[in-house]
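Before any comments, here is the structure.
By convention in this document, chain letters (A, B, ...) are assigned in the order of the sequence lines, proteins followed by strands, and residues within each chain are numbered from 1.
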Protein chains: 2
Amino acid sequence: MSDPTDSPRFRLRLVFGPDEWMGPGKAELLEHIEQTGSISAAGRAMGMSYKRAWQLVDTMNAMFRTPLVQSSRGGAKGGGAVLTDAGQVVLAEFRALEDTARAAGAKHIERLQEMLTDIPDGK
Amino acid sequence: MSDPTDSPRFRLRLVFGPDEWMGPGKAELLEHIEQTGSISAAGRAMGMSYKRAWQLVDTMNAMFRTPLVQSSRGGAKGGGAVLTDAGQVVLAEFRALEDTARAAGAKHIERLQEMLTDIPDGK
DNA sequence: CCTCGATATTTCCCGATGGATATAACGCTT
DNA sequence: AAGCGTTATATCCATCGGGAAATATCGAGG
């Protein structure tokens, strides 16, 4: 999304509605929030503005029945954000979906790679 | 891409390099080219400009060892474009990849859908 | 040899996307 | 009560991706 060097082979997006979807970007953001306990820190880690990070969180919290991220203002450390149970479930399910789908389609992916001009490293 | 009503559930993109990827848009374009025998007609059918359609074709032809689309200018009907053998293979492989991956991840997709605010129609 | 329809290519321009910035609210700590 | 770091929210603005349109080219057919 920001760094062109990290070329992920396999990108999967679930589109539920016009403005409702779940993809690699949101999943990674959830992971960083879980690790850092902060929306801004997570955004920084991904090289994205706080505005964008917050927008993604806001979208996710709106599209799922239960919010995925619970945030708080003030307090000892100024505030923070944590993944809810639903957030952890969604993250785990999405990662599992990615792994499963990638594994299942490995054969087709391999055949497509073999047809490229620049030969990808054969693992 | 243009029509918000056709909400595809499952979007899959293979990213090979910085500017080299294969996704649902290019696949659909290939299908329309195969059906219409024309880049412009294919673009029109998808509601995209000829410029964009041509750019996508150009990108695909460059990233694969053998061009996927062979186009010709002039002639009885002004010209046209057809899928090469490689084009048909790539299209078929990508569609197969989508089907396989979607089927393999169906369980995870279902679980995620159940957590949405707006209940999706049960199949 | 002129027309026709599609490909090929360039230029111009608008609108949307997202970053930068500013401000406010919040609640624990000191 | 002041300070701090974060969340929350709005405004401004540069950038850029893509559409529109204009132009050139090609080759069979009339």
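Between the side chains of B:S38 and B:T36, no donor-acceptor pair is found at a separation under 3.5 Å.
Protein atom NZ of B:K77 is 18 Å distant from nucleotide atom C1' of D:dG30, rounded to whole Å. If you take CG of A:D58 and P of D:dA10, they are 11 Å apart, rounded to a whole angstrom. When rounded to the nearest whole Å, the span between CD of B:Q70 and C1' of C:dT7 equals 13 Å. The distance between atom CH2 of B:W54 and atom P of D:dT25, rounded to the nearest whole Å, is 16 Å.
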For nucleotides 25-30 of chain C, which of its nitrogen or oxygen atoms have a protein nitrogen or oxygen under 3.5 Å away, and what is each distance?
residue: C:dC26; atom: O2; partner: A:G74; partner atom: N; Å: 2.9
residue: C:dG27; atom: O4'; partner: A:G75; partner atom: N; Å: 3.2
residue: C:dG27; atom: N2; partner: A:G75; partner atom: O; Å: 3.4
residue: C:dG27; atom: N3; partner: A:G75; partner atom: N; Å: 3.3
residue: C:dC28; atom: O4'; partner: A:A76; partner atom: N; Å: 3.4

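Of the residues in residues 29-39 of chain B, those with a non-hydrogen atom less than 4.0 angstrom from any atom of DNA chain C are B:S38, B:I39.
For A:R65 (side chain) and B:E114 (main-chain N/O), a donor-acceptor pair under 3.5 Å exists by modelled atom type. For the pair B:T100 (side chain) and A:A104 (backbone), a donor-acceptor distance under 3.5 Å is absent. Counting only distance, with no hydrogens or angles, the side chain of A:R13 and the backbone of A:M22 share no donor-acceptor pair below 3.5 Å.
By the 4.5 Å heavy-atom criterion applied to side chains, A:L14 and A:W21 are not counted as neighbours. A:R102 is not listed as a side-chain neighbour of A:R9, based on a closest heavy-atom distance of 4.5 Å or more. A:E20 places none of its side-chain heavy atoms less than 4.5 Å from the side chain of A:V15. Two residues are said to be in side-chain contact when any heavy atoms from C-beta on lie closer than 4.5 Å; A:V69 and A:V82 fail this criterion.
Residues B:E31 and B:R95 are paired through a salt bridge, judged by an N-O separation under 4.0 Å between the basic side chain and the carboxylate.
Under 4.0 angstrom from either OP1 or OP2 of D:dG27 there lies no side-chain N or O belonging to B:S72.
The side chain to side chain contact (heavy atoms under 4.5 Å, CB included) with B:E93 is formed by just one residue from the set A:E110, A:M115, A:H108; it is A:H108.
Residue B:S71 has its side chain nearest to C:dT7 when only D:dA8, D:dT6, C:dT7 are considered.
Taking a 6.0 Å sphere around CD of B:Q70, one finds it holds 12 or fewer heavy atoms contributed by other residues, nucleotides or ligands.
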Reading nucleotides 11-22 of chain D 5' to 3', which nucleotides get B (base under 4.0 Å from a protein heavy atom), which S (sugar-phosphate only), which -?
B------SBB--
